[in-house]
Asker: 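Handing you this structure, nothing more for now.
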Amino acid sequence: MKKIDLHIHTIKTISDYDFQFSLEHLTSYVSEMQIDAIAITNHNLFDRNQFEEIFDALDIMVFPGIEINIGVNGGHILVITEKADIEDFAIKCLKVEERIQQPTDSISVDEFGEIFGNLNKYILIPHYDKSPCVDKKIVKALDNHIMAGEVSSAKKFIYCKKNESIVPVIFSDWRPVENSPFPVKQTYIDAGVLSVKAIKRCFMDKTKVHLSDKEGHHLFQVLPGINMSTGLTVVIGGRSSGKSYTLNRINEVHDNIKYIKQFALLEKEPEKAEAEFLKGMESQQSQFIQEYLRPFSLAVNEVANIDLVKDEKKIDSYIKSLLKYASETERADAYSKCRLFSETEYTIEDLNVLKELIDAVEKLLDARKYKELIENNVERESLINLHAELIKKYIQEDVLIKKKEWVNELIGNIKNRLQSKTSATKPKNVNFYEVQLNRAKVRKFNTLANLVEKESIIRETDIEGFKVRISKRRYKGAGELKNKSGRRTAFKEAFDKYALDAYDYIQELKATDVLEKDYYQFFAKIDYDILNQYGFPVSGGERAEFNLLREINDALQYEMLLIDEPESSFDNIFLKEKVNHLIKEISEVMPVIIVTHNNTVGASIQPDYIVHTKREIHEGNVEFKLFSGFPTDRVLLCGDGSSIPNIEATMNCLEAGRDAYEERRIEYEMLED
């Protein structure tokens, strides 16, 4: 088994943060982490002189390489070759450097092939499940030459192993800076002599690529020299033996960690805790509520721009001008008798609906995720024809609108000139259709607002026996409106209108400092409730239990879950019945590490791996040793070669020793008898 790290940076480029490379630190990394091979892969350049210096300094295999921005999205791909090919490789890398002058620059697949020619001689490793990812189209285009894809975590490694055709690899992507911690992201391969061909052969077979040198991909290196399970690991040990210290180190070394610390969920100030709890619930569900109320918010925005008073004034002004025009008919002069003097202008129609239809058809044509489903029901040729017809119709309508606008402008100019020549009154212009449409919109909006304000349950979800309920109702007073705004504005006058007419209410909201885009939030009060299994609001202790379950559920968005002594905050029944099985389910898709001294968690949960921490003092210095193994192992082993009996470690940490365990067992048997 060989340990390789084919992604190391040694030069600051335009795509890097500022760093100072340390050859001495790289040498220490290779030695202490027992690396068998590395590749130097700087961003879009290859420095042959520096590579030669590194190659001569290290006693392991060092491959020349480069990390290239490829495709429109600028995903990264590693290109690695043999030392013997270095002269030709340096020339080709120089062409890459010439074409990529800015961090956002990239080369196309065709340019890539043109530069490197015979791709079979290289190891090509795209960022597969790691940012910035290489576009899947590019991966497919280079499919014959790509055997492995780089991922960013053990969780993604396991997922790719199970679900993807590509072989996953994990590397450090490290910049060796003096005193920087050694990375723990390397890949193990079943190889003897290390060469480009040997590595490529391993990458052709998932069974030859692993996260650790023992038990294949069931273990991974979580800290330098320390393996843990890709499933569930339980960390046990005496007081101050380094359990929390170990979790803190893991949290520092790895990215995107969900860390539930000891006592973090206990409530110290119940009233403050309840307010924060409800605020957290509101924040978590805000996206759902925004989507739920989005259609109503569009209606609010539409009506907010309608001015019925102004419309009435337009009609009143029109009627007055029309009556005056009629009364002056007998003394009309040549100018006022012209038909254009009182001509009505064309109504200009809105093309937004037609534009939305064109956009919708374009989405159907461009869809990738559901392409097969769409084309099974609608022929692509039909969609293309529809798209063409809609565009043709849009052009026709647009031309007609421009003609009408031109005629309207001409009529307006003529009417103005006629008006200047006569003393006769010209009837005012008014768009009766628009006025009537505004009235209809307001009536419909008032009906819609009543439905939105009506009390109802919007959503109910169950989380391990708890029920999360989101409901809506009318605001009960101006105080609730003020609290919602978070401002000092008075809402008494607005609330009086709120109870009577939704449109008038919007007009009053305009007098407050509430932003127009937020008006829709002031029609229905959204309440968030957490109910226990009996349907009652949760107590303080139940809130803490719910928070733990929610935090654990939330862990699926992360790469690893760390939990520090959950028994410090919760009782054994809750842990056994609610927490254990949830943790087991999550550990099937990502690494979970729990620190505990409780047998309900430590033993009943049936972990995949055990780590025992032990504190020792040598020459006045504290050292934390970690002994690890599988639950069925007779002994747990430390990296320095020492060992302890598994039964002794487990009994002492989870049962307070064998004697205490025997005493409790006898007492339980007596109670049973």
Side-chain angles (χ1 to χ4, degrees), residues 3-47 49-67 76 78 80 103 125 127 130-132 150-154 156-157 169-188 211-213 220-228 242 244-257 259 558-560 562 591 593 621-624 626 639:
K3 188 177 184 181
I4 62 174
D5 185 359
L6 303 184
H7 194 165
I8 291 179
H9 295 270
T10 57
I11 296 176
K12 178 193 176 300
T13 71
I14 54 174
S15 299
D16 283 293
Y17 59 81
D18 191 22
F19 73 94
Q20 188 66 43
F21 168 66
S22 169
L23 179 56
E24 183 180 350
H25 202 52
L26 175 60
T27 305
S28 298
Y29 166 65
V30 167
S31 174
E32 293 184 30
M33 297 298 289
Q34 299 180 332
I35 309 294
D36 295 300
I38 64 170
I40 307 303
T41 52
N42 291 303
H43 284 298
N44 305 304
L45 67 81
F46 175 72
D47 187 318
N49 292 332
Q50 187 201 53
F51 175 82
E52 295 281 10
E53 181 185 359
I54 295 170
F55 185 88
D56 292 338
L58 300 181
D59 295 329
I60 63 167
M61 178 61 70
V62 183
F63 293 102
I66 186 172
E67 183 174 16
H76 291 182
L78 303 179
I80 298 163
I125 306 174
H127 278 205
K130 175 182 178 178
S131 181
E150 189 175 3
V151 299
S152 60
S153 67
K156 291 175 178 176
F157 184 97
V169 291
I170 186 167
F171 300 130
S172 68
D173 199 353
W174 186 50
R175 290 144 182 83
V177 176
E178 188 175 354
N179 297 323
S180 63
F182 293 149
V184 293
K185 293 182 178 180
Q186 298 89 26
T187 297
Y188 291 81
L211 284 172
S212 72
D213 58 342
F220 75 109
Q221 188 176 220
V222 68
L223 291 170
I226 307 298
N227 289 334
M228 291 191 185
S244 296
Y245 170 77
T246 300
L247 283 195
N248 289 335
R249 285 183 64 201
I250 294 170
N251 187 48
E252 291 169 2
V253 170
H254 294 268
D255 299 322
N256 200 23
I257 299 291
Y259 189 0
Y558 296 80
E559 304 299 335
M560 192 186 307
L562 310 180
I593 303 171
N621 297 319
V622 176
E623 292 183 9
F624 296 112
L626 275 65

Asker: Going by the side chain to side chain donor-acceptor pair (under 3.5 Å) test, which pairs reach into residues 52-62, not counting sequence neighbours?
Answerer: E52-K83
Asker: Tell me the closest heavy-atom pair linking Y29 and D5, and the distance in Å.
Answerer: OH-OD2, 2.6 Å
Asker: Look only at the side chain of H9 and the backbone of T41, and say whether a donor-acceptor pair between them is shorter than 3.5 Å.
Answerer: yes
Asker: Start with the C-alpha distance between T187 and F171, add both sets of side-chain angles, then the distance that settles side chain to side chain contact (heavy atoms under 4.5 Å, CB included), and finish with yes or no.
Answerer: CA-CA 7 Å; T187 297; F171 300 130; 3.8 Å; yes
Asker: Counting N and O atoms only, with roles assigned by atom type, does the side chain of H254 sit under 3.5 Å from a partner on the main chain of V222, one being a donor and the other an acceptor?
Answerer: yes
Asker: Where the side chain of T246 meets the backbone of G242, is there a donor-acceptor pair that is under 3.5 Å apart?
Answerer: yes
Asker: What is the distance from atom CD1 of I125 to atom CD of E67, rounded to the nearest 0.5 Å?
Answerer: 10.5 Å
Asker: I'd like to know if the side chain of S180 reaches the main chain of P176, judged simply by a donor and an acceptor atom lying under 3.5 Å from each other, with no hydrogens or angles considered.
Answerer: no
Asker: Check step by step if side chain to side chain contact (heavy atoms under 4.5 Å, CB included) holds for F624 and R249.
Answerer: CA-CA 12 Å; F624 296 112; R249 285 183 64 201; over 6 Å; no
Asker: Could you tell me the separation between the CG atom of N44 and the CD1 atom of I11, rounded to the nearest 0.5 Å?
Answerer: 12.0 Å
Asker: Drop me the distance from D255's CG to E559's CD, to the nearest 0.5 angstrom.
Answerer: 9.0 Å
Asker: Name all residues meeting the side-chain contact (heavy atoms from CB on, under 4.5 Å) criterion together with P181; count only those two or more places apart in sequence or in a different chain, and write none if there are none.
Answerer: none
Asker: Please evaluate residues E178 and Q20 with respect to the criterion side-chain hydrogen bond (donor to acceptor under 3.5 Å, both in side chains), reporting the C-alpha separation (whole Å), side-chain torsions for both, the decisive distance (0.1 Å), and the verdict.
Answerer: CA-CA 8 Å; E178 188 175 354; Q20 188 66 43; over 6 Å; no
Asker: Using the side-chain hydrogen bond (donor to acceptor under 3.5 Å, both in side chains) rule, take N42 and T13 through it: C-alpha gap first, then chi angles, then the decisive distance, then the call.
Answerer: CA-CA 8 Å; N42 291 303; T13 71; over 6 Å; no
Asker: How close do D213 and Y188 get, counting heavy atoms only, and between which atoms?
Answerer: CB-CE2, 3.5 Å
Asker: Using the six-membered ring wherever Trp is involved, compare the ring planes of W174 and F182 and label them parallel, tilted or perpendicular (cut-offs 30° and 60°).
Answerer: perpendicular
Asker: Check this for me: Q34, atom CD, are more than 12 non-hydrogen atoms of other residues, nucleotides or ligands nearer than 6.0 Å?
Answerer: no
Asker: If you measure from CD on E32 to NE2 on H25, what distance do you get to the nearest 0.5 Å?
Answerer: 8.5 Å
Asker: Where is the tightest heavy-atom contact between P183 and M33, given as atom of each residue plus distance?
Answerer: O-CE, 3.4 Å
Asker: I need the F21 CZ to L26 CG distance, nearest 0.5 Å.
Answerer: 5.0 Å
Asker: Do F46 and I40 touch side chain to side chain, with heavy atoms closer than 4.5 Å?
Answerer: no
Asker: Main chain of P103, side chain of S15: is a donor-acceptor contact present, judged purely on distance under 3.5 Å?
Answerer: no
Asker: Which atoms form the tightest heavy-atom contact between I38 and V30, and what is the distance?
Answerer: CG2-CG2, 4.3 Å
Asker: Can you find a pair of side-chain heavy atoms, one from I593 and one from M560, that are under 4.5 Å apart?
Answerer: yes
Asker: Looking only at heavy atoms, which two atoms of H43 and R175 are closest? And how far apart?
Answerer: NE2-NH2, 3.6 Å
Asker: Can any side-chain N or O of Q50 pair as donor or acceptor with the backbone N or O of T10 at less than 3.5 Å?
Answerer: yes
Asker: Quick one: does N251's side chain have a donor or acceptor within less than 3.5 Å of a partner on L247's backbone?
Answerer: no
Asker: Any chance you could measure H7, atom NE2, to K130, atom NZ, to the nearest 0.5 Å?
Answerer: 5.0 Å
Asker: For K3, is there any backbone N or O sitting under 3.5 Å from a side-chain donor or acceptor partner on D36?
Answerer: yes
Asker: So, for A37 and F63, which heavy atoms are closest and what is the spacing to 0.1 Å?
Answerer: CB-CE1, 4.1 Å
